[in-house]
Amino acid sequence: MSFQNKKHLFFDLDHTLWDFDRNSAVAFDVIFKRHGFEFSTDDFLKHYIPRNQHYWKLYQVNQISHEDLRYYRLKDIFDILEVEVSKEQVNQLSEDYIMHLPNSNHLFDGAIEVLEYLQPNYHLHIITNGFHFVQDKKLKNSNIEHFFKTITNSEMAGVKKPHPNIFEFALSLAKANKEESVMIGDSWEADIEGALDFGMDAIFFNAENTSQKNGVVQVNHLLELKNIL
């Protein structure tokens, strides 16, 4: 597939540029020590990472609320680890986590280099299902905000990826059309299928090197984008 006619690149943020799992580990380490929990953060994350992804998939298609996402992704893991916590404690931990999460700034390897490479030739944008105040902090604190001309989040658009309206909203904000635009992200359902169903080309960031998806350009490392774009 040729991307020669493209002018606008729309990046997902979490798990694509911003290393969500690594930054989560730092945030949880801080708050668990503060609250005096004795289990290891590694033990918690082993269960949390897939559970969080499970609940985000439900949230993307409006099967659970924002509040339930934040609550149950933590409560489920305390149940698995057989640690007794009250509902109030879980809600407090959830608040603490959201406060600490944007303070860690680990990006995926090659993120800055590839953004610097792409910026002179393309208009760069963000489309994220994350929450406005958290995502803005992540972009500022990791020092990549200045690369992007527009930032679309699901609160602004009123819908979440893979809904076509969030792509429509993002393109309108960017003054772009779908023929000259590409979505780059890690979520097959939200980023890739969402963009393709909308009629927009997509590049799958497959950092986990999961099974090959036919007919879609994919990269396993961000710097591979330099060979494509």
Side-chain angles (χ1 to χ4, degrees), residues 11-60 62-81 83-108 111-112 115 126-148 150-161 166 185-187 190 207:
F11 281 88
D12 176 48
L13 182 58
D14 293 335
H15 303 285
T16 299
L17 296 170
W18 198 82
D19 194 339
F20 185 92
D21 292 342
R22 193 172 170 194
N23 294 321
S24 279
V26 177
F28 279 129
D29 215 33
V30 170
I31 65 174
F32 290 159
K33 282 174 181 162
R34 179 174 294 172
H35 286 269
F37 291 114
E38 294 184 356
F39 53 79
S40 78
T41 303
D42 285 347
D43 282 346
F44 184 90
L45 287 171
K46 182 171 63 179
H47 302 291
Y48 173 81
I49 288 170
R51 204 71 190 142
N52 182 50
Q53 289 173 347
H54 165 75
Y55 280 122
W56 266 100
K57 284 181 181 178
L58 295 178
Y59 176 70
Q60 282 165 189
N62 298 316
Q63 290 186 14
I64 59 167
S65 67
H66 171 195
E67 292 75 18
D68 283 348
L69 162 70
R70 288 186 170 183
Y71 179 79
Y72 286 107
R73 67 182 178 180
L74 297 181
K75 179 66 168 66
D76 285 4
I77 315 310
F78 287 116
D79 289 348
I80 291 167
L81 297 177
V83 175
E84 283 199 27
V85 287
S86 67
K87 186 169 186 178
E88 291 73 22
Q89 278 180 296
V90 175
N91 285 330
Q92 185 58 57
L93 287 164
S94 178
E95 287 300 315
D96 290 352
Y97 170 66
I98 293 300
M99 288 300 294
H100 282 282
L101 186 59
N103 295 336
S104 191
N105 305 313
H106 295 295
L107 298 170
F108 274 93
I112 297 280
L115 291 172
I126 292 283
I127 308 180
T128 174
N129 280 352
F131 308 113
H132 165 68
F133 75 97
V134 183
Q135 302 304 76
D136 281 1
K137 278 188 179 178
K138 290 174 184 175
L139 287 161
K140 286 190 179 93
N141 293 350
S142 59
N143 199 30
I144 59 172
E145 182 185 37
H146 64 283
F147 286 111
F148 301 103
T150 68
I151 297 161
T152 294
N153 62 63
S154 53
E155 287 168 290
M156 296 161 60
V159 289
K160 299 174 284 289
K161 295 177 292 183
I166 193 170
D186 73 291
S187 170

Rounded to the nearest 0.5 Å, what's the gap from OH on Y48 to CD on Q53? Could you check? 10.0 Å

The reported gap from CE in M156 to CD1 in I166 (rounded to nearest 0.5 angstrom) is 9.0 Å

Rounded at 0.5 Å granularity, tell me how far CD1 in I126 sits from CG in L139. 5.5 Å

Do Q135 and K138 pair up side chain to side chain, a donor and an acceptor below 3.5 Å, judged on atom types alone? yes

Could you tell me whether the side chain of N141 and the main chain of N105 form a donor-acceptor pair under 3.5 Å? no

Tested for side chain to side chain donor-acceptor pair (under 3.5 Å) against K161, the lone hit among T128, T152, D12 is D12

Donor-acceptor check, side chain of S94 to backbone of Y71, threshold 3.5 angstrom: yes or no? no

Can you tell me how far apart CG (N153) and CD1 (I127) are? Round to the nearest 0.5 Å. 11.0 Å

Tell me whether S24 contacts the main-chain N or O of F20 through its side chain, where contact means a donor paired with an acceptor under 3.5 Å. yes

Hey, which of N143, L17, L107 is the one that makes side chain to side chain contact (heavy atoms under 4.5 Å, CB included) with I112? L107

If you measure only the distance, is there a donor-acceptor pair under 3.5 Å linking the side chains of E95 and N91? no

Any donor-acceptor N or O pair under 3.5 Å, side chains N62, K160: yes

Under 3.5 Å, is there a donor-acceptor pair between the H35 and D96 side chains? yes

Considering only NZ, NE, NH1 and NH2 on the basic side and carboxylate oxygens on the acidic side, decide whether K46 and D42 come within less than 4.0 Å. no

Treating N23 as the side-chain partner and D19 as the backbone partner, does any N or O pair qualify as donor plus acceptor under 3.5 Å? yes

Indicate yes or no: at least one non-hydrogen side-chain atom of Y97 is less than 4.5 angstrom from one of R73. yes

Once you measure the plane-to-plane angle for F78 and F37, does it fall in the parallel (<30°), tilted (30-60°) or perpendicular (>60°) bin? tilted

Relative to the ring of F28, is the ring of F32 parallel (under 30°), tilted (30 to 60°) or perpendicular (over 60°)? parallel

Can a side-chain donor-acceptor contact be found between S154 and N129 if the only test is distance below 3.5 angstrom? no

